[in-house]
Amino acid sequence: MPETPIVTISTIGQHEGQTVTLRGWLYNIRSSGKLLFPTFRDGTGTIQGIVPRAAVPEQVFETLKNLQLESSLTVTGQVRADSRAPSGYELDVHNIDVISPVSPDDPYPITLKEHGVDFLMEHRHLWLRSPRQSAILRVRATIMRAASEFFDTHGFIRTDPPILTPNACEGTSELFEMDYFDDDKAYLTQSGQLYIEATALALGKVYSFGPTFRAEKSKTRRHLTEFWMIEPEVAHLELSGLMDLAEAFLTHIVTRVLEHHRADLKVIGRDVEKLEAVLAPTANEISNQESVILSEGAAEVEEPAVASPNKFPRLSYDQAHAMLEKAYAEGKLENPHRYGDDFGSPDETYISSQFSKPVMVHRYPAAIKAFYMQPDPADPTKALCVDVLAPEGYGEIIGGSQRVDSYDLLKQRIEDHNLPLAAFQWYLDLRKYGSVPHSGFGMGIERAVAWICGLDHVRETIPFARTLNRIYP
RNA sequence: UCCUGAGUAGCUCAAUGGCAGAGCAUUCGGCUGUUAACCGAAGGGUUGUAGGUUCGAGUCCUACCUCAGGAGCCA
């Protein structure tokens with residue numbers, strides 16, 4: 001190989017006219033008699049090469065002609081702008097050096113044709129190489145970075161809770177159980193919330209970011225058994241401030257993705273206008289219908305405590321219920337929503353479909369929410385909680401609440417929910433020694449990625465999805 | 001856990017109860033601008049498993065297995 005600069009495909013345009021070396025894989029190859037059109041990929045993008053038989057040594061032409069897809073190689077050639085190329089550039093190949101050829105007896109299983117879900121998931125380790133999957137993982141990385149960045153730059157301290165826990169955090173979900181040495185059982189965490197309440201009362205503003213596990217036998221496009229969650233928890237913060245926080249947080253993430261991933265979103269096939277609508281100024285944003293909805297029962301609409309640059313619609317549970325009743329009466333929903341029940345998936349889809357921004361639904365009936373949620377002083381049958389529903393029917397991406405800060409009330413709640421008091425003694429201590437109002441939320445990364453990328457299934461949002469029926473590869 | 005649907009070539013899919021097929025992939029041949037290239041040829045099958053009905057089952061019946069996505073539950 002001659003001494004040439006080693007470049008990546010994403011920045012190859014800066015080397016127009018130069019002879020460069022790429023290190024990558026053979027993505028596809030077409031031929032037309034004495035012309036070869038190999039397409040190379042290197043993880044940053046793809047570029048088509050052109051190889052006229054007369055222009056290269058016979059051995060280079062023959063080697064490339066017989067090379068199987070996904071063989072690894074280095075390629076040397078001259079970068080040329082070409083209007084026929086999708087990316088604007090082509091490579092006039094001078095030489096190739098095969099690093100590791102794929103055998104024709106056992107060719108690369110994933111072709112450029114269609115494949116079924118089962119086959120692709122069985123070959124997830126290879127599927128990741130396809131342009132769409134790579135693009136999704138790049139966007140995921142930015143979403144995770146932007147999420148951390150938001151808290152890091154707003155005075156939050158990252159404090160990660162344990163992954164092995166002695167008992168159920170909320171006493172509801174199905175947990176993965178394992179032996180913990182001799183006589184004990186341990187469980188994989190389903191939320192770090194209780195632990196970061198402790199670190200919040202130590203450090204003020206904290207967040208955690210890590211994997212969580214749910215053993216529920218859910219089998220839908222929105223569920224994984226192992227997923228990543230980012231959870232802030234803030235001392236002295238009440239519900240309205242929590243909603244401001246969630247609003248600013250999501251706004252920051254969407255802003256970053258649009259800044260850095262226009263090209264990836266195009267590969268994924270995302271309608272970028274839908275994301276831009278999330279950032280649109282509030283005044284122009286809210287449609288007539290939305291105004292009507294928000295003005296009905298205006299007394300209940302939460303006013304942001306801090307002016308937020310980008311306001312999301314806020315609905316109380318009662319307002320959302322009224323919206324669903326109306327929709328059912330008009331035949332837009334198959335089943336009526338029973339007041340007092342949680343919203344089902346079709347309900348959430350309908351509510352979110354009425355807005356182009358994420359919707360914050362707050363003050364659910366306390367009876368259907370977790371024991372640690374603070375009752376609303378204005379109506380103790382309601383909890384000071386909020387669910388953020390992503391647009392376009394992507395469902396709940398954030399769930400949060402103000403926490404019970406009274407020792408006596410929390411103890412009562414633990415007993416009412418038949419939870420083992422001893423296991424929660426440390427949690428009660430937080431209310432015994434200098435309790436303050438505090439709030440937090442959790443966002444599931446995969447649902448956020450699915451929404452932002454416009455995917456129809458969360459299994460594509462994580463490198464190796466863990467679902468009810470699949471733990472391979 | 002419940003409901004619904006699907007299992008046929010390496011992959012994606014056809015096949016009135018009557019000879020097991022196509023495209024892609026692989027191999028061989030052709031083509032100097034192809035964009036999931038195209039054209040010609042070849043090889044490639046225990047039709048998810050086990051029973052049953054029938055002269056005859058990929059097709060009908062029963063059970064089971066696997067997968068899918070919807071409910072419930074959740075992020």
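Chain naming here is simple, since letters A, B, ... match the order of the sequence lines and numbering starts at 1 in each.
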Scan every strand shown for a Watson-Crick or G-U wobble partner of rC64(B), both distances under 3.5 Å, and answer none if you come up empty. rG48(B)

For Tyr364(A), is the NZ or CZ atom of Lys369(A) found under 6.0 angstrom from the centre of its six-membered ring and inside 45 degrees of the ring axis? yes

Nearest-Å distance once atom P is located in both rG33(B) and rG70(B): 47 Å

Does rG40(B) have a Watson-Crick or wobble partner in any strand here, with both distances under 3.5 angstrom, and which is it? rC28(B)

Whole Å only: how far is the CG atom of Leu120(A) from the P atom of rG10(B)? 17 Å

Is any side-chain N or O of His223(A) under 3.5 Å from a base N or O of rC74(B), one able to act as donor and the other as acceptor? yes

Heavy-atom contacts, protein to nucleotides 34-47 of chain B, under 4.0 Å, summarised as B (base), S (sugar-phosphate only) or - (none) per nt, yield BBBB----------

Checking all strands, does Pro104(A) fall into the base, sugar-phosphate, or nothing category for heavy-atom contacts under 4.0 angstrom? sugar-phosphate

Cationic N near anionic O, under 4.0 Å, Arg256(A) to Glu149(A): yes

Charged N to carboxylate O below 4.0 Å: is that the case for Asp264(A) and Arg262(A)? no

Counting only Watson-Crick pairs (N1-N3 plus N6-O4 or O6-N4) and G-U wobbles (N1-O2, O6-N3), all under 3.5 Å, who is the partner of rG33(B)? none

C1' spacing across the pair rU53(B) / rA68(B), given as an integer number of angstrom: 30 Å

Does rU1(B) have a Watson-Crick or wobble partner in any strand here, with both distances under 3.5 angstrom, and which is it? rA71(B)

Please give, in whole Å, the distance from rC73(B) P to Ile368(A) CD1? 9 Å

Sidechain N-carboxylate O distance under 4.0 Å for Glu460(A), Arg132(A): yes

How close or far is atom C1' of rC74(B) from atom CD of Gln193(A), stated in whole angstroms? 14 Å

May I ask you to verify whether the side chain of Ser218(A) and the base of rC73(B) hold a donor-acceptor pair under 3.5 Å? yes

Does a side-chain heavy-atom distance below 4.5 Å link Ile230(A) with Phe249(A)? yes

Using a 4.0 Å heavy-atom cut-off, does Arg221(A) contact any base of the nucleic acid, only the sugar-phosphate backbone, or nothing at all? sugar-phosphate

Scan Pro131(A) against the nucleic acid and name what it touches under 4.0 Å (heavy atoms): base, sugar-phosphate only, or nothing. nothing

Expressed in angstrom and rounded to an integer, what is the separation of Leu468(A) atom CG from rU1(B) atom P? 9 Å

RNA chain B: Asp456(A) or Met443(A), which has the more 5' nearest nucleotide? Asp456(A)

May I ask you to say whether Arg80(A) pairs ionically with Glu16(A), meaning some side-chain N is under 4.0 Å from a carboxylate O? no

Between rG72(B) and rC60(B), how far is it from one C1' atom to the other, in whole Å? 35 Å

From the candidates rG69(B), rC74(B), rU26(B), the one with an atom nearest any side-chain atom of Pro107(A) is rU26(B)

note: Glu174(A), atom CD; rC73(B), atom C1'; distance rounded to Å ~ 9 Å

Contact class for Leu36(A) vs. all strands (heavy atom < 4.0 Å): base, sugar-phosphate, or nothing? nothing

Expressed in angstrom and rounded to an integer, what is the separation of Leu69(A) atom CG from rU27(B) atom P? 10 Å

Taking only the side-chain nitrogens and oxygens of Arg459(A), find out if one of them lies under 4.0 Å from OP1 or OP2 of rG69(B). yes

Would you call Arg222(A)-Glu396(A) a salt bridge at under 4.0 Å N-O? no

Strictly by Watson-Crick or wobble contacts shorter than 3.5 Å, is anything paired with rG17(B), and which nucleotide is it? none

May I ask you to say what Asp342(A) touches in the nucleic acid, namely base, sugar-phosphate or nothing, with a heavy-atom cut-off under 4.0 Å? sugar-phosphate

Taking CD in Glu58(A) as the centre, count heavy atoms belonging to other residues, nucleotides or ligands within less than 6.0 Å. Is the count above 12? yes

For the pair made of NE2 in His115(A) and P in rA25(B), what is the distance, rounded to whole Å? 11 Å

Re rU8(B): Watson-Crick or G-U wobble partner, both distances kept under 3.5 Å, found to be none

Spacing of the C1' atoms in rG43(B) and rA6(B) (rounded, Å): 30 Å

May I ask you to check whether Thr220(A) and His223(A) show a side-chain donor-acceptor distance below 3.5 Å? yes

On a whole-Å scale, what distance lies between the P atoms belonging to rU54(B) and rC73(B)? 49 Å

Determine the Euclidean distance between corresponding P atoms of rU27(B) and rA63(B); express it in Å to zero decimal places. 46 Å

Grab the CD-P distance between Glu122(A) and rG7(B) for me, whole Å please. 18 Å

Hey, does Arg80(A) reach any base, or is it just sugar-phosphate, or nothing, if we go heavy atoms under 4.0 Å? base

Return whichever of Asp118(A) or Ile445(A) has its heavy-atom-nearest nucleotide of RNA chain B closer to the 5' end. Asp118(A)

For the P atoms, the ones on rU26(B) and on rA37(B), what distance do you get once it is rounded to whole angstrom? 11 Å

Name the nucleic acid region contacted by Phe227(A), choosing base, sugar-phosphate or nothing; use a 4.0 angstrom heavy-atom cut-off, strictly under. base

Does a salt bridge link Arg270(A) with Glu392(A), judged by any charged N lying under 4.0 Å from a carboxylate O? yes

Using a cut-off of strictly less than 4.0 Å, decide whether Gln68(A) has a side-chain nitrogen or oxygen near OP1 or OP2 of rU27(B). yes

Base, sugar-phosphate alone, or nothing: which one does Gly395(A) contact when heavy atoms must sit under 4.0 Å apart? nothing

Taking only N and O in the side chain of Asn469(A), is any of them less than 4.0 Å away from OP1 or OP2 of rU66(B)? no

Between Arg470(A) and rA68(B), is there a side-chain N or O to OP1/OP2 distance below 4.0 Å? yes

Pick the P atom in rG45(B) and in rC31(B), then give their distance to the nearest Å. 32 Å

Side chains of Arg145(A) and Thr142(A), donor plus acceptor under 3.5 Å: yes

